[in-house]
Number of protein chains: 2
Amino acid sequence: MSPKIFVSAQEVAERAGVSRSAVSRTFTPGASVSPETRRKVMEAADALGYHVNHLARGLMRNESGIVCLIVADLGTPFRANLIKALTDELQTAGKVAMLINTDRSDGSVDAALRQAIRYRADASIVLSGMPDKSITDLCMKNGQTLILINRDDNRPGPLRINLDDREAARTVVTAFLRAGCRQLAFANSEAGTPSLMAREHGFILAAGEQGLEVVVERFGRTGYEAGRVLAQRLLMRRERPDAVFCATDLLACGFMDAARHQFSLSIPGDLCVVGFDDIEQASWTSYDLTTFGQPIAEIARKSVSWLAAGMPDDEAREPVELHAQLVWRRSIRGA
Amino acid sequence: MSPKIFVSAQEVAERAGVSRSAVSRTFTPGASVSPETRRKVMEAADALGYHVNHLARGLMRNESGIVCLIVADLGTPFRANLIKALTDELQTAGKVAMLINTDRSDGSVDAALRQAIRYRADASIVLSGMPDKSITDLCMKNGQTLILINRDDNRPGPLRINLDDREAARTVVTAFLRAGCRQLAFANSEAGTPSLMAREHGFILAAGEQGLEVVVERFGRTGYEAGRVLAQRLLMRRERPDAVFCATDLLACGFMDAARHQFSLSIPGDLCVVGFDDIEQASWTSYDLTTFGQPIAEIARKSVSWLAAGMPDDEAREPVELHAQLVWRRSIRGA
DNA sequence: TTGTACGCGTTATCAC
DNA sequence: GTGATAACGCGTACAA
């Protein structure tokens with residue numbers, strides 16, 4: 001096996017009978033080369049299978065074209081779709097995505113950001129966890145753009161995209177009231193991420209303004225299984241809830257399945273359910289779940305346009321608030 | 001905004017009062033540095049926030065540490081989980097994943113592989129589509145490892161990991177017969193990917209050996225919606241199937257929902273269903289789908305161990321056949 | 001063990 | 001429009 005023998009601009013130049021610089025210019029958009037030279041170069045390049053070395057180019061230009069995506073629970077429908085949207089957007093912008101998984105451990109995101117720095121990524125986009133302040137400072141110092149999505153970080157520096165979780169929660173309360181529900185519940189995981197907690201607090205607050213108490217239950221990791229357990233806990237109560245707001249759609253799916261098959265409840269007859277994320281499964285006939293759609297495409301566009309435009313000045317670093325749109329389906333009465 | 005000012009080994013050397021090569025050696029595993037020098041270097045590096053430039057290192061070593069993952073439909077549960085497993089495995093092996101989305105267009109995978117070459121990726125792993133022969137040749141010529149997963153390519157060169165789809169299909173026929181089913185159907189998409197077609201052909205073949213005909217229907221893209229349409233087509237037939245093998249779980253979920261809610265059929269009473277992939281949703285109470293689990297972890301381990309070990313010699317390039325394990329749930333009678 | 005000198009493939013700069 | 005040259009940050013023979 002010939003181990004890594006790539007063809008260089010030098011070889012192309014020799015074969016084309018021109019200088020190295022001519023080759024370089026041919027592959028640099030906007031450089032001036034005569035049609036004749038360009039033709040000779042392209043011909044030689046094709047024959048040899050030449051491809052510009054982005055490692056070397058990045059070294060020269062101080063711009064690798066790499067954008068680092070840092071994420072946990074990549075297997076999850078919402079995350080996967082967000083990653084897809086981001087990579088798509090990055091590719092059309094001429095960038096390339098580097099994907100780093102994190103786990104629940106503390107230094108995990110920090111390690112990922114260090115990796116991004118080592119590869120001189122043009123930017124890092126954090127979708128999970130929270131980097132330590134020392135690391136965000138490091139990114140800033142190195143002039144590396146840092147984007148936090150749904151992290152709700154209030155320290156200055158990185159660019160932030162957040163959702164109006166509290167406003168969404170308020171909408172749910174209104175909808176539940178209109179459906180005639182009186183026993184409100186909130187089903188959450190124990191993850192304690194900013195967006196999840198914002199939904200919880202917003203829901204409790206909005207309900208309180210209407211004179212209603214909310215029963216809150218938290219369990220496990222944010223997923224289907226936790227939703228089932230939460231249903232068991234909440235639906236066994238003496239005062240059984242007639243409306244539940246689940247922090248995510250996955251929780252809601254588990255909740256609905258348990259409610260129907262273990263408690264024989266009808267939805268929305270006995271119980272109204274609202275979720276969050278609008279993952280594909282929410283629209284499946286078995287669930288038909290009313291939920292909030294995250295503006296994934298817009299999140300992706302906003303993030304990437306930032307990189308392209310370069311960092312705005314420090315004073316313009318207010319977090320961007322995006323709006324979650326309620327998608328009405330049949331898991332809640334009325335409209 | 002300070003635009004991309006990274007600290008170099010030179011600066012660390014100056015601050016530590018040593019030569020630049022001492023810094024280099026400190027960060028090169030297995031190089032010989034005195035404890036005292038190492039300490040001084042690390043101290044200066046920490047203070048300055050130094051990180052080795054992997055672009056430059058890759059340039060020198062002719063080994064970037066980057067592995068390119070080429071995939072379509074990344075938002076899909078199975079794909080997302082495979083990507084997660086692969087990135088996890090790559091990270092523990094000290095590599096980093098570069099993610100490239102492809103669409104359905106012909107040259108899409110080729111373009112992705114070219115991008116991989118430009119970044120001098122150590123290897124490319126193709127999970128979707130089929131690269132043109134000229135491109136696979138290019139990868140081989142450049143000494144870039146190429147791994148095809150479930151692509152069922154029979155041309156020599158790239159490393160291949162395939163599943164025993166035909167054997168799995170045979171198992172399904174047996175199970176259906178044991179459940180007393182006589183009217184067999186196969187629900188497929190129009191994607192026509194190798195694994196999907198292998199399942200279809202294997203199913204028809206195995207059924208034929210038992211003297212049974214199979215009604216085959218194909219529609220749309222491999223997903224939930226197509227499953228619903230396929231159910232409408234297959235369940236409206238005069239001789240209604242009492243057993244259907246769906247090419248993937250997503251198709252099966254759509255099929256089941258339509259069968260139950262539009263045709264009021266009971267599963268497995270009126271209809272037995274088997275899927276493929278064992279995505280998380282298959283285990284959800286609403287589906288409880290009997291399906292084949294793809295050995296995702298093993299696929300990931302095998303792929304990455306190949307890169308680590310380096311390319312085997314040409315003669316050892318037989319495709320690796322992995323086994324799909326049937327996961328018994330309640331969408332089929334008997335056991 | 002340490003430092004010096006060179007090369008990796010590319011682009012930017014500057015004469016021509 | 002073209003070609004020579006320096007520089008990017010790093011690894012590594014080589015000599016000390």
Side-chain angles (χ1 to χ4, degrees), chain A residues 3-42 44-45 48-66 117-122 142-144, chain B residues 3-42 44-45 48-66 117-122 142-144:
Chain A
K4 310 267 154 44
I5 304 199
F6 293 96
V7 27
S8 73
Q10 177 67 52
E11 306 172 49
V12 176
E14 282 165 13
R15 171 158 182 145
V18 298
S19 76
R20 226 179 353 204
S21 329
V23 179
S24 179
R25 277 191 284 263
T26 303
F27 288 95
T28 302
S32 69
V33 203
S34 79
E36 174 59 11
T37 306
R38 158 168 253 111
R39 192 192 55 72
K40 283 194 292 189
V41 170
M42 290 306 280
L48 265 44
Y50 170 75
H51 289 76
V52 177
N53 187 333
H54 274 45
L55 267 39
R57 172 179 279 184
L59 195 56
M60 259 306 296
R61 294 194 178 160
N62 235 339
E63 185 177 349
S64 62
I66 296 173
I117 292 180
R118 280 193 283 267
Y119 278 98
R120 298 301 189 261
D122 296 340
N142 286 337
Q144 207 197 33
Chain B
K4 309 267 155 46
I5 304 199
F6 293 95
V7 26
S8 74
Q10 179 66 51
E11 306 173 49
V12 176
E14 282 164 12
R15 171 156 183 148
V18 298
S19 78
R20 204 186 48 69
S21 38
V23 178
S24 182
R25 276 191 282 263
T26 303
F27 288 96
T28 302
S32 70
V33 202
S34 79
E36 174 58 11
T37 307
R38 158 169 254 112
R39 192 191 56 73
K40 284 193 292 189
V41 170
M42 290 306 280
L48 265 45
Y50 170 76
H51 289 78
V52 177
N53 187 332
H54 273 45
L55 266 39
R57 173 179 276 184
L59 195 57
M60 260 304 297
R61 292 197 180 154
N62 236 340
E63 186 176 346
S64 61
I66 295 172
I117 292 180
R118 280 193 283 267
Y119 278 98
R120 299 301 189 258
D122 296 341
N142 285 336
Q144 207 197 34

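The shown structure was predicted, so the numbers you read here are calculated from the model rather than taken from an experiment. Proteins come first, then strands; the chains are lettered A, B, ... in the order of their sequence lines, and each starts at number 1.
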Separation of D:dC10 atom C1' from B:F6 atom CZ, nearest Å, is 15 Å
(Q) Using OP1 and OP2 only, check whether a side-chain N or O of A:S32 sits under 4.0 Å from D:dG1. (A) yes
Point to revise | B:T37 vs C:dT1: side-chain N/O to OP1/OP2 distance below 4.0 Å | key: no
Rounding to 0.5 Å, atoms CG (B:D122) and CD (B:Q144) come to a distance of 8.0 Å
Whole-Å distance, A:Q10 CD to C:dG9 P, equals 9 Å
Taken to the nearest 0.5 Å, the spacing of B:I66 CD1 from A:I66 CD1 works out to 4.5 Å
Winner on side-chain proximity to A:V33, out of C:dA5, D:dT2, C:dG9, is D:dT2
CG (B:L48) and CD (B:E14) are apart, to the nearest 0.5 Å, by 10.0 Å
- If only atom types and distance count, is the side chain of B:E11 paired as donor or acceptor with the main-chain N or O of B:S8 below 3.5 Å? yes
Of C:dT10, C:dT2, D:dT12, the nucleotide closest to the side chain of B:T28 is D:dT12
Query - A:R25 side chain reached by A:S21 side chain, heavy atoms, under 4.5 Å - result: yes
Between CZ of B:R20 and C1' of C:dT2 the distance, given in whole Å, is 13 Å
Whole-Å distance, A:L48 CG to C:dG9 P, equals 13 Å
Find every protein N or O atom lying less than 3.5 Å from an N or O atom of nucleotides 13-16 of chain C, and list the pairs.
none

- request: Using only side-chain N and O atoms of A:S24, determine if any of them is under 4.0 Å from OP1 or OP2 of C:dA12.
  value: no
For a quick check, tell me whether the side chain of A:R120 and the base of D:dG9 share a donor-acceptor pair closer than 3.5 Å.
no
Taking D:dA4, D:dA7, D:dT12 as options, the one with an atom nearest any side-chain atom of A:S19 is D:dA4
From CG of B:N53 across to C1' of C:dG9 the rounded distance in Å is 14 Å
Rounded to whole Å, the NE2-C1' distance (B:H54 to D:dG11) equals 13 Å
Side-chain atoms of A:A22 come closest, of D:dG3, D:dC10, C:dG9, to D:dG3
Interatomic distance, NE2@A:H51 vs OH@B:Y119, rounded to 0.5 Å, equals 13.5 Å
Here the distance between atom P of C:dT11 and atom CE of A:M60, to the nearest Å, is 8 Å
Taking D:dC10, D:dG9, C:dG3 as options, the one with an atom nearest any side-chain atom of B:L59 is D:dG9
- With sugar-phosphate meaning primed atoms plus P, OP1 and OP2, does A:F27 contact a base, only sugar-phosphate, or nothing at under 4.0 Å between heavy atoms? nothing
Taking OP1 and OP2 of C:dG9, is either one under 4.0 Å from a side-chain nitrogen or oxygen of B:Y119? no
Among the nucleotides C:dA12, C:dT10, D:dG9, whichever has the atom closest to the side chain of A:R61 is C:dA12
Taken to the nearest 0.5 Å, the spacing of B:K40 NZ from B:T26 OG1 works out to 10.5 Å
Ranking D:dT2, D:dT12, C:dT11 by distance to the side chain of A:R57, first place goes to C:dT11
Between CG of A:L55 and C1' of C:dT11 the distance, given in whole Å, is 15 Å
Legend entry - Derivation of the side chain to side chain contact (heavy atoms under 4.5 Å, CB included) call for B:F27 and B:V41: CA-CA 9 Å; B:F27 288 96; B:V41 170; 4.1 Å; yes
